[in-house]
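Okay, so here's the structure we're looking at.
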There are 2 protein chains.
Amino acid sequence: METWLAQPDLDEIDVGTVLSALADPTRLQIVRLLDVLGESTCTALDLPVKVSTVSHHVNILRHGGLVSTRLDGNARPSRLRREELERRFPGLLTSVLSATPPRTT
Amino acid sequence: METWLAQPDLDEIDVGTVLSALADPTRLQIVRLLDVLGESTCTALDLPVKVSTVSHHVNILRHGGLVSTRLDGNARPSRLRREELERRFPGLLTSVLSATPPRTT
DNA sequence: CGGTAGTTACGACGTTCATCGTAATAGAAG
DNA sequence: CTTCTATTACGATGAACGTCGTAACTACCG
């Protein structure tokens with residue numbers, strides 16, 4: 001039986017909290033990476049910040065309802081709650097993840 | 001001939017900037033009000049912050065590409081760039097504006 | 001020409017928050 | 001048990017930012 005860290009139910013998720021969570025560049029990058037990797041730990045994510053900072057951001061993402069974290073030995077891989085989020089806020093995450101970069105003039 | 005304040009082109013709009021703009025509660029409220037009202041000035045928006053603060057937020061929204069501001073005498077009514085945003089980030093704004101509030105347990 | 005109203009520019013203040021370093025915890029492997 | 005790895009907890013720090021008050025600016029109206 002798998003164990004998971006506490007996370008909000010779908011209908012408890014607030015759109016403002018989600019927007020705040022996605023507003024930080026590092027967290028947006030984490031979300032993008034998790035979308036591609038499917039699942040990853042804080043250490044495995046290659047980010048230009050310290051691991052303690054990554055852990056901090058993943059916590060915010062989990063409390064905001066964007067990420068699920070599983071307990072696997074001493075590791076805690078996280079996944080993007082993509083399908084759930086899509087049900088709660090249709091089009092939001094999909095739009096963010098498929099957004100093209102701005103024109104760099 | 002109508003005059004408008006400077007604003008970014010559609011393909012210059014960055015999704016991260018848009019998310020940051022929407023992350024603030026006051027700005028999200030402004031966006032919601034403009035969506036309902038269609039067009040409004042800083043003074044006409046009834047918000048629990050000073051007008052100078054509202055003006056500040058509207059500027060951020062305009063620079064982020066979320067709002068267009070027209071010059072009309074000494075007034076400067078702003079509109080939500082809803083259709084344009086929908087073309088740039090399909091589903092994003094619609095999802096945010098139609099989001100149901102979280103369950104308050 | 002004054003007077004009024006709408007908006008913004010400018011500083012200033014206080015809080016939030018992203019980041020870090022270190023220490024503590026927990027599981028896995030030897 | 002010891003060691004190593006993964007993660008988190010805990011301050012601390014510095015920067016970003018939301019808010020305000022005031023002043024400056026512009027347009028409209030007597």
Practice item. Starting at atom CG of Leu47(A), determine the distance to atom P of dA18(C), rounded to an integer number of angstrom. Key: 14 Å
Exercise for review: Please report, rounded to the nearest Å, how far the P atom of dA28(C) is from the CG atom of Leu71(A).
Suggested key: 11 Å
Practice item. Do nucleotides 9-30 of chain D as a string where each nucleotide becomes B, S or -: B if the base has a protein heavy atom under 4.0 Å, S if just the sugar-phosphate does, - if no protein is that close. Key: B--------SBBB-----BS--
Point to revise | By side chain to side chain contact (heavy atoms under 4.5 Å, CB included) - contacts of Arg103(B) (at least two apart) | key: Asp9(A), Asp11(A), Glu12(A), Thr105(B)
**Study point:** N/O (side chain, Thr41(B)) to phosphate O (OP1/OP2, dT7(C)) under 4.0 Å
**Key:** yes
Review point. In chain order, what residues pass the side chain to side chain contact (heavy atoms under 4.5 Å, CB included) check against Asp14(A), with sequence neighbours excluded?
Key: Thr17(A), Pro102(B)
**Study point:** N or O in side chain of Ser55(A) less than 4.0 angstrom from dT7(D) OP1/OP2
**Key:** no
With a 3.5 Å cut-off and sequence neighbours excluded, list the donor-acceptor pairs that the side chains of residues 40-48 of chain B form with protein atoms.
| residue | atom | partner | partner atom | Å |
| --- | --- | --- | --- | --- |
| Thr41(B) | OG1 | Ala44(B) | N | 3.2 |

Check your understanding: Between Arg88(B) (side chain) and Ile13(B) (backbone), is there a donor-acceptor pair under 3.5 Å?
Key -> yes
Practice item. Could you tell me the separation between the CZ atom of Arg70(B) and the C1' atom of dT7(C), rounded to a whole number of Å? Key: 15 Å
Check your understanding: Who pairs with Ser95(A) by side chain to side chain contact (heavy atoms under 4.5 Å, CB included), at least two apart in sequence or on another chain?
Key -> Phe89(B), Pro90(B), Leu92(B)
Point to revise | Helical bend (five base pairs per end, nearest 10°) for the helix from dC1(C)-dG30(D) to dG30(C)-dC1(D) | key: 20°
Point to revise | Side-chain hydrophobic cluster, 4.5 Å single linkage: members besides Leu71(B) | key: Leu5(B)
Exercise for review: Just jot down the salt bridge (charged side-chain N to carboxylate O under 4.0 Å, His left out) partners of Glu2(B), sequence neighbours excluded, or say none.
Suggested key: Arg70(B)
**Study point:** Spacing of Leu5(A) atom CG relative to dT25(C) atom P, expressed in whole Å
**Key:** 18 Å
Revision key, fill the gap. Residue set satisfying salt bridge (charged side-chain N to carboxylate O under 4.0 Å, His left out) with Asp35(A), at least two apart, ordered chain then number -> Arg82(A)
Review point. Could you give the CG-to-C1' distance, from Leu28(A) to dA18(C), as a whole number of Å?
Key: 15 Å
